[in-house]
Amino acid sequence: PPVGADAGERDHRHIAAALQQDGQAEQRQERRERRGIACDERLARHGLPVLLQRRCDVPVISFAGVCADGRLLGVAASRYQRTWYPSGGSASSSVTIQAERGLTERVEALVAAADVQGIFELELLELGGGRHAAIDLNPRIYGSMGVAIAAGANLPAIWVRWLLGEQPAWCEARPGVHYRWEDAELRHLLWQLRRRDLRGALGVLRPRRGTAHAYFRLADPGPLVARGLELASIAVERVHARRDGPGPARGPVTEGAAPS
């Protein structure tokens, strides 16, 4: 904006704000251009066709179970409460739920069509009105399986009994059992505090009776100690990387990975 020689303090503040906004706009434009170039490079590398998915700000449901010869033997459904990273990732906090009517049958048809045999986890978007959209199928043991076991659906035991030739009784996880991934919840708490979202931070801190944890077991502290040592090792490597320049230090994929 035009400024006279006798511009006052208020004018200077307005000028600074305008210049800052212009700079931010330029930075956003540069980021968009870089992303466009990166997208073009990926398309050139992988080619067409591609699948585009819109982002839906809706709850995520985890539907896990055991499938044998096209039939479900036991299931455990839970709803994500928080994820790490916050914009989208693995569940850092979730709670078991009663699956909606008809969902179990639809999941059974899907995993049978995919020829899944054994333990699996299917992630679904909860679109409302009884509608769901499948986004990820993991035909394997998954990170938050501890909450299914804590809720009474011991999926590994069901699968082993089937492999031994037994006919395990139908089993479904009871609703209302909570799950926490400890170090992801700690990062989530710090993220909320940096944003000065005290309500969100208090939500992370709120204790829940009977919570299943990713690593912590009072009778078996070894996994939590091992996880702490792993995170400490990552932190040390990053300190060395910042001091010595780029190197083979492990990145955020390892640090942010869900327990397995």
Side-chain angles (χ1 to χ4, degrees), residues 53-65 74-101 103-104 106-107 119-138 140-155 172-218 223-224 227 231 252-253 255-260:
Q53 296 178 309
R54 71 179 185 271
R55 178 178 176 84
C56 299
D57 189 15
V58 295
V60 177
I61 301 296
S62 168
F63 194 109
V75 297
S78 60
R79 180 179 288 113
Y80 287 13
Q81 295 178 307
R82 288 181 294 275
T83 62
W84 187 257
Y85 296 96
S87 58
S90 300
S92 63
S93 174
S94 64
V95 60
T96 55
I97 59 172
Q98 181 72 44
E100 292 185 25
R101 179 176 299 178
L103 180 59
T104 300
R106 297 200 300 272
V107 171
I119 297 172
F120 71 91
E121 187 225 13
L122 176 67
E123 295 176 6
L124 303 154
L125 297 179
E126 192 174 25
L127 302 177
R131 298 181 305 120
H132 299 81
I135 56 174
D136 193 13
L137 174 60
N138 301 304
R140 54 171 172 76
I141 291 174
Y142 60 102
S144 58
M145 189 170 63
V147 71
I149 298 172
N154 193 330
L155 303 183
E172 186 169 355
R174 67 181 181 275
V177 179
H178 289 262
Y179 164 81
R180 282 181 183 270
W181 170 16
E182 299 91 337
D183 51 283
E185 283 285 83
L186 177 59
R187 295 191 197 102
H188 210 290
L189 173 64
L190 296 175
W191 178 76
Q192 297 283 14
L193 291 175
R194 284 195 297 268
R195 297 170 64 242
R196 299 183 180 179
D197 185 351
L198 296 182
R199 177 175 295 183
L202 290 174
V204 178
L205 290 172
R206 181 181 178 183
R208 303 280 188 177
R209 185 185 298 273
T211 296
H213 294 88
Y215 296 100
F216 174 71
R217 304 286 188 282
L218 188 61
L224 185 62
R227 180 61 171 170
L231 294 177
V253 173
E255 181 191 8
S260 57

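Note that the numbering runs from 1 along the sequence shown for the chain.
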With sequence neighbours excluded, what pairs up with [X] under the side chain to side chain contact (heavy atoms under 4.5 Å, CB included) test?
X      : value
Arg195 : Trp191, Gln192, Asp197
Ile97  : Ile61, Ala77, Arg79
Ser62  : Ser78, Tyr80, Glu121
Asp136 : Glu123, Asn138

Heavy-atom pair with the smallest gap, counting every atom of [X] and [Y]:
X      : Y      : answer
Ala212 : Gly146 : CB-O, 4.0 Å
Val204 : His188 : CG2-ND1, 4.1 Å
Ala148 : Ala173 : O-CB, 4.4 Å
Ala64  : Leu155 : CB-CD1, 4.1 Å
Arg180 : Gly203 : NH2-O, 4.3 Å
Phe120 : Phe63  : CE1-O, 3.7 Å

Are [X] and [Y] packed together at the side-chain level, in the sense that at least one heavy-atom pair is separated by less than 4.5 angstrom?
X      : Y      : value
Glu126 : Glu100 : yes
Trp181 : Arg227 : yes
Val107 : Val75  : no
Asp183 : Tyr215 : yes

| message | Can you pull out every salt bridge (Lys or Arg N to Asp or Glu O under 4.0 Å) where at least one residue sits in residues 144-155? Sequence neighbours excluded, please. | response | none
| Would you say Arg208's side chain and Tyr179's backbone share a donor-acceptor pair under 3.5 angstrom? | no
Which residues share a side chain to side chain donor-acceptor pair (under 3.5 Å) with [X], sequence neighbours left out:
X      : result
Arg217 : none
Glu172 : Gln98
Ser94  : none
Thr83  : none

[X] side, atom [atom1]; [Y] side, atom [atom2] - distance, nearest 0.5 Å:
X      : Y      : atom1 : atom2 : result
Leu124 : Arg106 : CG    : CZ    : 9.0 Å
Leu122 : Leu103 : CG    : CG    : 8.0 Å
Asn154 : Ile149 : CG    : CD1   : 5.0 Å

| query | Yes or no on side-chain contact (heavy atoms from CB on, under 4.5 Å) for Leu125 and Val60, after CA distance, side-chain angles and deciding distance? | reply | CA-CA 5 Å; Leu125 297 179; Val60 177; 4.1 Å; yes
| field | Set of residues satisfying ring pair (Phe, Tyr, Trp, His ring centres under 6.0 Å) with respect to His213, sequence neighbours excluded | value |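 For His213, the residues satisfying ring pair (Phe, Tyr, Trp, His ring centres under 6.0 Å) (neighbours in sequence not counted) are Phe216.
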| said: Name the residue from Thr211, Thr96, Val95 that meets the side-chain contact (heavy atoms from CB on, under 4.5 Å) definition with Val177. | reply: Thr96
| query | Hey, is CG on Leu218 packed in by over 12 heavy atoms from elsewhere, all under 6.0 Å? | reply | no
